[in-house]
Amino acid sequence: MTSIPIDTLLDRIRTRDARIGVIGLGYVGLPLAVEFARAGFTVTGFDVDAKKAEQINCGKSYIPDVAELDLAECVRLRKLSATTDMSELGAMDAIDICVPTPLRKTRDPNLSYVVQAVEAVAATLKRGQLVILESTTYPGTTDEVVQPMLEEKGLRADVDFFLAFSPERVDPGNQQFTTHNIPKIVGGVGEHSTKAAAALYGATVNAVVPVTSTRVAEMVKLLENTFRAVNIGLVNEIALMSHKMGIDVWEVIDAAKTKPFGFMPFYPGPGLGGHCIPIDPYYLSWKARQTGFECRFIELAGHVNSAMPAYVVERIGDALNTARKPINGSRVHLLGVAYKRDVSDIRESPALDVIELLQHRGATLSYSDPYVPELRHNGEALTAIDEAAALREQPDCIVICTDHSVFDYEPFIESGVLIVDTRNALKGRSGKTIFRL
Ligand code: SAJ
């Protein structure tokens with residue numbers, strides 16, 4: 001029996017009297033905060049960045065997926081406000097933690113942001129509160145790290161307060177699948193916690209999928225993203241062998257995806273970018289290693305994917321070679337540096353590795369990317385130039401690293417400049433100056 005009947009919390013969720021706190025107002029936390037507000041809850045956003053809090057309180061959205069009109073309306077109706085004052089967490093009925101979980105340089109999990117957030121929650125933890133961790137992390141984090149910190153003052157999880165894990169599944173820029181309509185996995189430290197978390201999300205998003213533990217919920221997200229990383233690694237290896245065998249891997253994939261079952265297309269590319277796919281599998285392999293299990297697929301996929309930038313540079317060298325030009329001293333222009341199409345994020349972008357490798361080999365670099373006006377990498381600063389300026393500079397080679405929808409490739413094809421296409425952006429166009437992965 002809980003010392004605070006769970007139905008008190010469930011009642012407050014049902015009547016929307018429950019006060020919701022969201023810690024971490026980035027591409028996960030801000031859309032979630034707005035969703036809770038639009039569901040009728042009064043939401044307080046918590047962030048260490050005072051600028052973010054100020055922008056939200058002025059109804060300004062800094063996340064492309066959060067429409068400014070929606071945000072401003074929630075603020076106007078006093079359903080949403082933001083603060084850096086973590087002491088207000090004590091007044092919340094439910095608290096969602098949506099802070100980053102990056103890797104350290106040693107490729108070990110960095111839970112420092114999670115620990116900082118949980119310390120703030122623990123400082124004002126009250127009976128009856130529901131705490132949910134959304135940050136992607138290894139199985140066992142909620143039970144082994146978060147729960148002990150929250151129980152330090154004697155309150156017991158799933159008795160005095162409720163604790164669950166619910167993986168964030170936000171896909172930045174995805175217009176079709178949003179926080180509202182992506183099914184929400186929830187796993188509590190006990191049945192009361194699962195029930196409370198399911199009730200909260202059930203009042204907010206289209207579908208909730210309760211699972212039996214926090215570890216299952218943590219593992220679901222890691223399976224989802226490890227599945228991607230391993231299959232991208234596989235298709236990159238298929239691309240390397242297809243090139244050796246004189247086979248067009250893009251044609252192979254397009255034909256294979258006509259199979260209506262049992263196959264899902266992945267595409268070769270310059271490498272693995274973003275803050276999820278290159279990171280999440282290493283949270284899993286790190287934890288598995290603690291149990292003495294070696295995740296060979298994850299490590300192998302990591303090797304293949306992280307070798308792609310160097311392979312792209314090798315292919316650039318081959319292309320320049322057809323014009324009797326060395327990389328050293330050649331002008332190479334990149335089309336796109338963001339980690340994937342139509343986003344502005346350059347975290348872990350393979351284009352950064354391609355730039356660095358080319359610079360090491362003496363190439364002169366420039367780039368175009370409408371989403372990334374300037375680039376600072378390893379102390380080097382590069383400013384984007386538009387495509388027309390790029391053509392005027394008469395580069396020796398164009399490298400399509402990110403196939404943004406806005407790019408017009410025709411002028412480059414007509415100019416006869418060498419083009420290395422790492423994304424099949426030139427779909428099927430061929431010619432002596434076009435080189436595809
Ligand atoms: N990539 C390839 N080939 C592919 C697919 C992706 O090289 O076939 C590259 C991309 O260019 C990028 C990296 O891999 O550099 C990651 O791409 P991604 O499509 O997986 O996009 P992300 O990193 O935005 O992943 C997110 C994830 N969402 C969450 O973690 C909540 C992932 O689970 C989604 O499946 C993915 O978006 C998606 O489907 O767009």
Side-chain angles (χ1 to χ4, degrees), residues 26-29 31-32 63-65 98 100-103 134-137 165-179 181-185 205 217-240 249-250 252-254 256-257 263-284 301-302 304-309 311-312 334-354 369 371-372 399-405 421-425 436-437:
Y27 79 92
V28 175
L32 184 63
I63 299 286
D65 291 347
C98 305
T101 43
L103 285 176
E134 289 221 356
S135 310
T136 304
T137 186
F165 182 82
S166 178
E168 62 89 358
R169 285 172 144 182
V170 174
D171 177 24
N174 193 323
Q175 313 284 327
Q176 187 188 1
F177 298 115
T178 65
T179 300
N181 66 16
I182 296 170
K184 205 84 177 75
I185 308 290
V205 300
E218 289 157 340
M219 190 60 147
V220 165
K221 172 63 185 274
L222 293 178
L223 171 60
E224 288 167 1
N225 283 3
T226 301
F227 164 77
R228 288 185 72 74
V230 168
N231 278 287
I232 292 165
L234 170 64
V235 80
N236 279 330
E237 185 168 82
I238 296 282
L240 269 59
V249 68
W250 304 95
V252 169
I253 296 164
D254 282 347
K257 74 185 185 188
F263 179 76
M264 174 180 180
F266 286 88
Y267 299 94
L272 216 43
H275 43 277
C276 305
I277 309 305
I279 310 284
D280 299 350
Y282 289 103
Y283 267 73
L284 180 56
V304 173
N305 289 325
S306 52
M308 288 311 284
Y311 176 68
V312 168
L334 267 65
L335 286 180
V337 291
Y339 83 87
K340 75 173 184 180
R341 178 185 314 139
D342 301 345
V343 301
S344 58
D345 199 337
I346 59 168
R347 280 178 290 183
E348 306 284 327
S349 175
L352 303 178
D353 298 322
V354 171
D369 191 317
Y371 298 89
V372 186
V399 185
I400 303 174
C401 255
T402 314
D403 50 337
H404 290 311
S405 311
D421 179 3
T422 73
R423 299 288 191 171
N424 195 28
R436 234 185 299 281
L437 276 196

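The residues of the chain are indexed from 1 along the displayed sequence. Everything quoted here is computed from the prediction, not taken from an experiment. Counting starts at 1 for both ligands and their atoms, in listed order.
Under the 30°/60° scheme for interplanar angles, the aromatic rings of Tyr339 and His275 are found to stand perpendicular.
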When you check ligand 1 against the protein, what N or O pairs turn up below 3.5 Å? List the atom names and distances, or just say none.
residue, atom, partner, partner atom, Å
ligand 1, 3 (N), Tyr267, O, 2.7
ligand 1, 8 (O), Tyr267, N, 2.8
ligand 1, 11 (O), Tyr339, O, 3.3
ligand 1, 11 (O), Arg423, NH1, 2.8
ligand 1, 11 (O), Arg423, NH2, 3.3
ligand 1, 15 (O), Gly273, N, 2.8
ligand 1, 15 (O), Tyr339, O, 2.7
ligand 1, 19 (O), Arg228, NH2, 2.9
ligand 1, 20 (O), Arg228, NE, 2.8
ligand 1, 20 (O), Arg228, NH2, 3.4
ligand 1, 21 (O), Lys340, NZ, 3.2
ligand 1, 24 (O), Tyr339, OH, 2.7
ligand 1, 24 (O), Lys340, NZ, 3.1
ligand 1, 30 (O), Lys221, NZ, 3.3
ligand 1, 30 (O), Asn225, ND2, 2.9
ligand 1, 33 (O), Asn225, OD1, 2.6
ligand 1, 35 (O), Arg228, NE, 3.4
ligand 1, 37 (O), Asp171, OD1, 2.9
ligand 1, 40 (O), Asp171, OD1, 3.2
ligand 1, 40 (O), Asp171, OD2, 3.0
ligand 1, 40 (O), Lys340, NZ, 3.2

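Expressed to the nearest 0.5 Å, how far OG1 of Thr137 lies from CZ of Phe165 amounts to 6.5 Å. Distance check, rounded to the nearest 0.5 Å: OG1 of Thr402 to CG of Asp342 gives 10.0 Å. With rounding to the nearest 0.5 angstrom, the CD atom of Glu218 is 12.5 Å from the CD1 atom of Ile185. In this structure, CG on Asp280 lies 6.0 Å from CG on Leu222, to the nearest 0.5 angstrom.
The side-chain contact (heavy atoms from CB on, under 4.5 Å) with Met308 is formed by just one residue from the set Thr422, Leu437, Leu272; it is Leu437.
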